[in-house]
Amino acid sequence: MTTRNIQFKIYRYDPDKDAKPYMQDISVDIDATDRKLLDVMVKLKAKDDSIAFRRSCREGVCGSDALNINGKNGLACLTAIDSLPIDKPIVLRPLPGLPVIRDLIVDMTQFFKQYHSIKPYLINNDPPPERERLQSPEDREELNGLYECILCACCSTSCPSFWWNPDKFVGPAGLLAAYRFIADTRDQATSERLDDLDDPYRLFRCHTIMNCVDVCPKGLNPTKAIGKIKDMMVKRAI
Amino acid sequence: MNRIVVGAHYGLKDWLAQRVTAVVMALYTLLMIVAVPTVDGYEGWRALMSHGLIRFATFVFIISLCYHAWVGVRDIWMDYVKPTAVRLMLHVLTLLALVGYAGWAIQVIWRL
Ligand code: SF4
Ligand code: SF4
Ligand code: FES
């Protein structure tokens with residue numbers, strides 16, 4: 001097997017030119033060395049350079065090439081082309097629920113606003129020690145599965161609660177980050193963080209649908225983190 | 001200016017209440033699964049529903065059901081109805097309906 005022809009259906013929309021979005025049919029020949037969807041998309045772009053999408057690291061670190069692939073959110077650079085059925089065209093759409101800037105590029109402002117709202121930094125008013133704030137290995141262990149988030153937005157844009165209330169619901173990515181700082185033994189603002197989330201919208205719009213867990217390309221579990229925040233709130237309240 | 005204000009501190013209370021009322025309803029359902037097959041005809045139903053414990057359990061069940069429904073239905077309005085005035089009206093209507101149902105149920109249970 002040297003070259004294969006892969007069919008695509010791609011969401012196209014240029015607000016300056018198009019009255020409304022449409023789906024473009026396009027196909028491309030790929031070689032055995034084209035392993036990931038992103039490799040193939042780069043070829044597509046060489047064929048039709050008007051297609052717009054974001055990408056940078058091409059190894060699942062920067063989080064910029066999240067899209068909706070055959071109906072499921074994921075990173076193009078981590079999706080093996082062989083994992084997609086090739087008997088029908090591969091359907092590429094922008095992440096759902098965010099405004100489209102052009103083609104596969106969405107406006108992430110709302111997503112990052114929610115991320116910033118949880119104060120994603122360590123709050124500790126003690127004078128900084130000479131070298132660094134230390135943690136025991138067990139305390140550090142608590143942060144595993146939380147700190148690895150690359151803010152790709154696959155999770156939040158697959159969450160129905162985030163679709164309906166992106167302005168008020170923090171969303172799975174933001175809540176995972178919130179718990180990352182709540183769980184950090186060096187942080188001194190735990191109660192303030194819990195106070196901030198004790199709100200019918202910010203945290204409690206999550207109805208444990210678990211779409212977020214299903215799509216996270218880093219294998220993280222926002223639902224579990226959300227559950228732990230709720231547990232802490234219950235412990236604090238009763 | 002269009003600022004989004006959040007911070008109504010009742011998220012946890014309602015979430016917890018929804019869970020607790022769900023447990024109450026599940027327990028009542030179990031109770032009924034045990035009790036109902038022993039019931040025989042109208043007199044049987046009368047006897048069952050005059051039992052003090054059953055009345056108490058039924059009352060607690062109705063209250064749980066109403067509270068549970070209140071949180072659930074309000075969540076739906078919060079998700080899908082954006083204009084504040086319309087939402088407030090729907091909240092009030094839901095609340096009134098549930099209070100009405102609860103009162104009616106109490107009347108039925110104690111045959112007032
Ligand atoms: S939790 Fe996963 S899906 Fe969500 S933003 Fe982080 S890496 Fe992406
Ligand atoms: S579990 Fe919560 S945060 Fe995750 S997709 Fe469902 S509602 Fe959204
Ligand atoms: S290109 Fe950086 S995560 Fe895919």
Side-chain angles (χ1 to χ4, degrees), chain A residues 96-97 99 109-119 156 159-171 174-175 178-179 182 189-209 211 223 225-238, chain B residues 1-29 60-61 63-99 101-102:
Chain A
T109 311
Q110 194 62 259
F111 173 79
F112 282 114
K113 241 189 181 164
Q114 290 298 358
Y115 174 66
H116 288 132
S117 80
I118 60 102
K119 303 207 167 105
S156 293
C159 170
S161 292
F162 190 74
W163 294 339
W164 311 148
N165 292 289
D167 51 345
K168 290 174 164 178
F169 175 50
V170 173
L175 291 169
Y179 186 62
I182 290 171
T190 315
S191 340
E192 288 85 341
R193 293 182 189 278
L194 292 178
D195 284 345
D196 171 62
L197 294 174
D198 183 11
D199 173 271
Y201 282 100
R202 282 176 69 66
L203 172 71
F204 289 97
R205 271 310 86 186
C206 168
H207 302 308
T208 327
I209 307 159
N211 280 6
T223 311
I226 293 167
K228 286 190 172 169
I229 300 177
K230 287 174 179 168
D231 283 353
M232 284 185 88
M233 282 185 178
V234 173
K235 279 209 192 95
R236 185 175 76 148
I238 59 172
Chain B
M1 193 166 70
N2 187 13
R3 286 182 64 217
I4 304 289
V5 264
V6 281
H9 289 287
Y10 65 86
L12 177 72
K13 192 184 109 241
D14 277 6
W15 177 80
L16 202 57
Q18 208 175 22
R19 262 94 208 133
V20 173
T21 51
V23 171
V24 171
M25 288 190 287
L27 290 176
Y28 184 79
T29 309
V60 173
F61 167 77
I63 298 299
S64 297
L65 179 70
C66 288
Y67 203 106
H68 195 87
W70 161 240
V71 177
V73 173
R74 196 198 49 197
D75 269 350
I76 299 173
W77 302 141
M78 287 168 97
D79 277 345
Y80 299 107
V81 182
K82 301 290 169 180
T84 312
V86 183
R87 188 189 282 174
L88 181 63
M89 199 185 70
L90 287 168
H91 282 200
V92 171
L93 289 179
T94 310
L95 206 57
L96 291 178
L98 289 171
V99 170
Y101 288 145

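Everything quoted here is computed from the prediction, not taken from an experiment.
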> A:F204 and B:L12: side chain to side chain contact (heavy atoms under 4.5 Å, CB included), yes or no, with the steps?
Replying inline: CA-CA 8 Å; A:F204 289 97; B:L12 177 72; 3.9 Å; yes
>> Can you tell me how far apart CG (A:N165) and NZ (B:K82) are? Round to the nearest 0.5 Å.
In response: 3.5 Å
>> I'd like to know whether OH of B:Y101 has more than 12 heavy-atom contacts from other residues, nucleotides or ligands below 6.0 angstrom.
In response: no
>> Using 0.5 Å steps for rounding, measure from the NE2 atom of A:H207 to the CD atom of B:Q18.
In response: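 Answer for the NE2-CD pair, A:H207 versus B:Q18, is 8.5 Å.
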>> B:W15 vs A:V234, test: side chain to side chain contact (heavy atoms under 4.5 Å, CB included). Steps then yes/no.
In response: CA-CA 10 Å; B:W15 177 80; A:V234 173; 3.8 Å; yes
> Between B:D75 and chain A, which part of the residue has a heavy atom less than 4.5 Å away: side chain, backbone, both or neither?
Replying inline: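 Both parts, heavy atoms under 4.5 Å.
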>> For a side chain to side chain contact (heavy atoms under 4.5 Å, CB included) check, start with the C-alpha distance between B:D79 and A:R205, then their side-chain angles and the critical distance, and finish with the verdict.
In response: CA-CA 8 Å; B:D79 277 345; A:R205 271 310 86 186; 2.9 Å; yes
